[in-house]
Amino acid sequence: SVTATTSQTNSLGISKGQGQGSILLDNVVLSDFLKRDDLVVTKGSTDSDESGIPPGLVIGKIVSVDKKASNLFQTARIQSLVDITHVTTLFVVLKSE
């Protein structure tokens, strides 16, 4: 889980992996507008030593929205732009002092 925001409407929520490549944007307040095909990016959360998750990393795009007036929050299904089943190499860049 990571705090995320939409790139066009700046709606804030929690991005959660659901297994089998499924991603859910959860806990988005009903008054926010979620738009299909909007990109979802990390909000960013770093400690004083700058460790953590940087802002603006693309999580995926919204493919569907579930909004019901009777619920406290709305959710959206996110599709990753990368097929992680085919990723064989990953580079991690650390900032050195």
Side-chain angles (χ1 to χ4, degrees):
S1 297
V2 63
T3 307
T5 185
T6 58
S7 63
Q8 292 181 14
T9 62
N10 291 320
S11 299
L12 187 63
I14 308 239
S15 170
K16 299 177 180 180
Q18 300 291 297
Q20 303 297 322
S22 177
I23 307 169
L24 182 70
L25 182 62
D26 200 7
N27 293 358
V28 180
V29 294
L30 282 179
S31 59
D32 281 357
F33 180 68
L34 293 177
K35 181 180 173 185
R36 191 166 187 241
D37 293 327
D38 195 356
L39 287 180
V40 178
V41 298
T42 56
K43 175 72 173 163
S45 148
T46 56
D47 297 331
S48 59
D49 64 354
E50 295 186 14
S51 64
I53 299 171
L57 296 177
V58 176
I59 297 169
K61 71 175 180 176
I62 294 176
V63 292
S64 67
V65 177
D66 183 16
K67 182 176 184 175
K68 296 178 184 145
S70 60
N71 292 345
L72 293 175
F73 299 101
Q74 60 183 315
T75 61
R77 289 266 168 224
I78 303 171
Q79 178 182 3
S80 176
L81 301 180
V82 176
D83 182 358
I84 60 170
T85 61
H86 291 90
V87 174
T88 57
T89 306
L90 177 68
F91 291 97
V92 176
V93 178
L94 300 174
K95 180 178 177 184
S96 62
E97 296 181 49

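Here the structure is a predicted model, which means the values were calculated and not measured.
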Visitor: With no hydrogens and no angle check, is any side-chain donor or acceptor of Ser15 less than 3.5 Å from a backbone partner on Ala4?
Guide: no
Visitor: Using side-chain contact (heavy atoms from CB on, under 4.5 Å), reason through Thr3 and Leu12 one step at a time and then give a plain yes or no.
Guide: CA-CA 7 Å; Thr3 307; Leu12 187 63; 3.7 Å; yes
Visitor: Evaluate the side-chain contact (heavy atoms from CB on, under 4.5 Å) criterion for residues Val29 and Phe73: first the C-alpha distance (whole Å), next the side-chain angles of each, then the deciding distance (0.1 Å), finally the verdict.
Guide: CA-CA 5 Å; Val29 294; Phe73 299 101; 4.1 Å; yes
Visitor: Just so I know, are the side chains of Ser22 and Arg77 near enough to count as touching, which here means a heavy-atom distance under 4.5 Å?
Guide: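 Heavy-atom side-chain distance check passes, below 4.5 Å.
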Visitor: What distance separates Thr5 OG1 from Asn10 CG, expressed to the nearest 0.5 Å?
Guide: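 Nearest 0.5 Å value for the OG1-CG distance: 5.0 Å.
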Visitor: Given side-chain contact (heavy atoms from CB on, under 4.5 Å), test Ile62 with Asp37 step by step and report yes or no.
Guide: CA-CA 5 Å; Ile62 294 176; Asp37 293 327; over 6 Å; no
Visitor: What verdict does the side-chain contact (heavy atoms from CB on, under 4.5 Å) test give for Val65 and Val28, after you've listed the backbone C-alpha separation in whole Å, the side-chain angles of each residue and the deciding distance to 0.1 Å?
Guide: CA-CA 11 Å; Val65 177; Val28 180; over 6 Å; no
Visitor: Does the distance from a Lys or Arg side-chain N to an Asp or Glu carboxylate O, for Asp38 and Arg36, drop under 4.0 Å?
Guide: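 The answer is no: the pair does not qualify as a salt bridge.
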Visitor: Would you say the side-chain atoms of Ser11 pair up with the backbone N or O of Leu34, donor to acceptor, closer than 3.5 Å?
Guide: no
Visitor: Could you check if a side-chain atom of Val87 sits within less than 4.5 angstrom of a side-chain atom of Val82, using non-hydrogen atoms only?
Guide: yes
Visitor: To the nearest 0.5 Å, how far apart are NZ in Lys16 and CG in Leu25?
Guide: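 Reported to 0.5 Å precision, the distance equals 10.0 Å.
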Visitor: Check for a donor-acceptor pair, side chain of Thr6 on one end and backbone N or O of Gln8 on the other, with a separation under 3.5 Å.
Guide: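 Side chain of Thr6 to backbone of Gln8, a donor-acceptor pair under 3.5 Å: no, none is there.
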Visitor: Given side chains that start at C-beta, do those of Ile78 and Lys61 come closer than 4.5 Å, heavy atoms only?
Guide: no
Visitor: Do Lys67 and Leu30 come within less than 4.5 Å of each other through their side chains, counting heavy atoms only?
Guide: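 The answer is yes; the side chains approach within 4.5 Å.
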Visitor: Do Val58 and Leu81 have side chains that get closer than 4.5 Å, going by heavy atoms?
Guide: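 SC-SC contact between Val58 and Leu81 confirmed.
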Visitor: Decide yes or no for Ile23 and Ile59: does some side-chain heavy atom of the first lie under 4.5 Å from some side-chain heavy atom of the second?
Guide: yes
Visitor: Do Gln74 side-chain atoms and Ala69 backbone N/O form a donor-acceptor pair below 3.5 Å?
Guide: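 No.
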Visitor: Under a 3.5 Å distance rule, please check whether Thr42 uses its side chain to pair with a backbone N or O of Pro54 as donor and acceptor.
Guide: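 Confirmed, Thr42 side chain pairs with Pro54 backbone.
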Visitor: Tell me if the NZ atom of Lys35 is crowded by more than 12 foreign heavy atoms within 6.0 Å.
Guide: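 Result for NZ/Lys35: open.
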